[in-house]
Amino acid sequence: MGHRAAVQAEGLTLPTVLAGAGRLAPERIRHVASPLIELGCALHVLAAPRHHDRVEWASGVPLPVSLREELAQWTWTVRAVRARFFVTSTATGVPAWQEELGALRARPAAELAAELVRPLRGRPLSSREVDTDAVRHWSRSRGPEVFGLVTALLDAPDEPVRRFLDLLDSCWTTWFHEVWAESRDALAARGRQDRDLAVRDGVLPMLASLDSSIDIRDNDSAVVQKVQNKRIDLADRSLLLVPSNHIAPHLFLGEIPGQPLTLIYPATGRGPAVPTAAQLRARLEALAAPDRLQVCRAVASEPRTAGEIAALWNLHPTQVTRHLKALTRAGLVTAERQGRFVTYHLNEPALHSLGPHLLTLILR
């Protein structure tokens with residue numbers, strides 16, 4: 001059994017591998033600061049501001065009541081799965097809003113409708129098929145208004161598509177044109193900087209600089225820490241870089257047949273390290289055993305030895321030692337030798353990566 005099969009058999013989630021990135025020629029890298037893509041990202045934040053830590057920003061967006069109500073009916077189009085026109089662009093540099101909107105209006109309504117309903121069939125960007133029965137079925141779970149809207153998109157797309165494009169233009173004129181004016185030049189500069197970095201230092205170092213979820217795997221590939229078992233071959237395709245002020249905490253990889261791989265990434269650059277799926281699973285499993293939360297609590301406020309913990313918590317010394325070894329292997333506890341003693345201390349950042357509630361419970 002190969003390494004990949006062995007890992008899958010153990011139930012671990014592999015990261016996404018960008019294979020052949022070391023052989024990707026920099027001249028096949030394009031960058032764009034797209035107002036349409038950025039509006040899609042901003043609407044995604046408005047639909048779920050809490051998990052983006054953007055509640056204050058979202059509450060400050062000056063949306064008229066009528067526009068807010070209209071957006072609420074279309075939020076399903078800008079969730080994790082989105083229409084293709086929100087995740088790719090044929091332009092380079094900084095296309096104008098009216099240019100991108102005009103290109104959408106020039107396309108057949110049925111074609112745009114098929115893209116809009118894509119989130120309801122859960123198909124990847126690479127899929128061109130529309131399972132209308134599945135779309136109708138899952139639209140019912142969004143309520144009668146969404147079901148009616150989706151039915152119209154499938155049966156008579158002209159009016160709902162026009163309505164959706166008018167909605168985007170209303171967002172632009174009402175509030176997003178000011179957001180874009182403030183960020184356009186910085187996003188364009190970031191895209192140029194990243195492409196220049198690929199030319200100067202190589203594609204792999206450039207990819208690793210974009211986001212903390214991307215790391216160089218070897219001299220030919222990079223890994224992206226996403227809960228997604230996928231291999232993307234970049235050796236014979238091109239890459240579209242799209243920096244965004246509204247994509248964090250996500251990193252979006254868009255695969256469309258015949259199009260460059262789209263990478264939408266936070267314009268702020270590489271942040272704190274992202275644990276791998278294997279590391280997170282190991283930490284969760286280490287905490288699942290009985291008494292290990294008590295052991296973590298014992299070393300939360302100050303370093304302690306295994307013998308001290310056993311005495312304080314009325315546990316068997318051998319059992320405590322076994323727990324501490326497991327917690328240390330998982331990175332949840334650190335060990336330090338003090339003469340003939342070994343003391344252990346809680347690794348708070350590692351605990352926090354599993355969720356603030358868990359750390360609060362242990363520290364309480």
Side-chain angles (χ1 to χ4, degrees), residues 34-48 61 63-91 95 97-176 242 246-247 250 252-259 262 264:
S34 161
L36 179 60
I37 294 177
E38 188 72 342
L39 175 58
C41 293
L43 291 177
H44 175 81
V45 175
L46 279 179
V61 173
L63 290 175
V65 173
S66 59
L67 184 55
R68 191 177 294 275
E69 291 175 348
E70 180 79 359
L71 281 172
Q73 297 180 41
W74 293 92
T75 54
W76 53 275
T77 65
V78 290
R79 296 289 190 171
V81 182
R82 306 177 203 176
R84 288 177 180 171
F85 55 76
F86 277 139
V87 297
T88 192
S89 173
T90 59
W97 167 254
Q98 291 303 329
E99 176 187 343
E100 292 195 310
L101 183 64
L104 288 181
R105 292 194 187 279
R107 291 174 58 184
E111 189 177 284
L112 288 181
E115 292 193 20
L116 284 170
V117 301
R118 191 178 70 87
L120 295 175
R121 67 186 191 275
R123 297 291 181 87
L125 282 169
S126 57
S127 173
R128 296 186 181 278
E129 300 176 1
V130 177
D131 185 340
T132 55
D133 290 338
V135 168
R136 293 180 198 274
H137 174 74
W138 293 116
S139 68
R140 291 181 184 274
S141 68
R142 267 75 170 179
E145 287 188 348
V146 172
F147 175 69
L149 198 54
V150 169
T151 299
L153 283 167
L154 293 174
D155 296 342
D158 288 0
E159 193 280 331
V161 165
R162 178 199 58 76
R163 176 181 161 190
F164 180 78
L165 296 181
D166 287 348
L167 174 64
L168 295 184
D169 203 26
S170 295
C171 288
W172 173 263
T173 57
T174 303
W175 62 278
F176 190 72
V242 188
H246 299 281
I247 195 67
H250 310 300
F252 187 91
L253 297 173
E255 291 185 274
I256 301 175
Q259 297 289 333
T262 302
I264 308 177

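Just so you know, these numbers come straight off a predicted model, no measurement behind them. Residues: numbered from 1 along the sequence shown.
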Applying side chain to side chain contact (heavy atoms under 4.5 Å, CB included), run through L67 and L167 and close with a yes or a no.
-> CA-CA 8 Å; L67 184 55; L167 174 64; 3.3 Å; yes
Side chain to side chain contact (heavy atoms under 4.5 Å, CB included) between L46 and V78, intermediate numbers included | CA-CA 10 Å; L46 279 179; V78 290; over 6 Å; no
List the steps, then state whether side chain to side chain contact (heavy atoms under 4.5 Å, CB included) holds for H250 with I247.
-> CA-CA 5 Å; H250 310 300; I247 195 67; 4.2 Å; yes
Please report the C-alpha distance between W74 and L149 in whole Å, then the side-chain angles of each, then the deciding distance to 0.1 Å, and finally whether the side chain to side chain contact (heavy atoms under 4.5 Å, CB included) criterion is met.
-> CA-CA 9 Å; W74 293 92; L149 198 54; 3.5 Å; yes
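Side-chain atoms of T262 come within 3.5 Å of backbone N or O of V87 as a donor-acceptor pair. Counting only distance, with no hydrogens or angles, the side chain of T173 and the backbone of S170 share a donor-acceptor pair below 3.5 Å.
Of the options R84, R107, R82, a side chain to side chain donor-acceptor pair (under 3.5 Å) to E115 is made by R107 and by none of the others.
Sorted by first then second residue, the side chain to side chain donor-acceptor pair (under 3.5 Å) pairs that include residues 136-149, not counting sequence neighbours, are R136-D155. The stretch residues 139-161 participates, sequence neighbours left out, in no ring pair (Phe, Tyr, Trp, His ring centres under 6.0 Å) pair at all.
In this structure, F176 and P35 approach most closely via the heavy-atom pair CE2-O, 3.6 Å. Scanning both residues, W76 and L153, for their nearest heavy atoms gives CH2-CD1, 3.9 Å. Across all their heavy atoms, P119 and L116 have their closest contact at CD-O, 3.1 Å. Across L112 and L104, no two heavy atoms sit closer than the pair CD1-O, 3.2 Å. Between A47 and R79, the closest heavy-atom pair is O-NH1, 3.5 Å. Nearest approach of L165 to L101, heavy atoms of both residues: O-CD1, 4.0 Å.
We find that R162 and D166 are joined by a salt bridge, their nearest charged nitrogen and carboxylate oxygen being less than 4.0 Å apart.
Ring pair F86/F164 is perpendicular by interplanar angle, where above 60° counts as perpendicular and below 30° as parallel.
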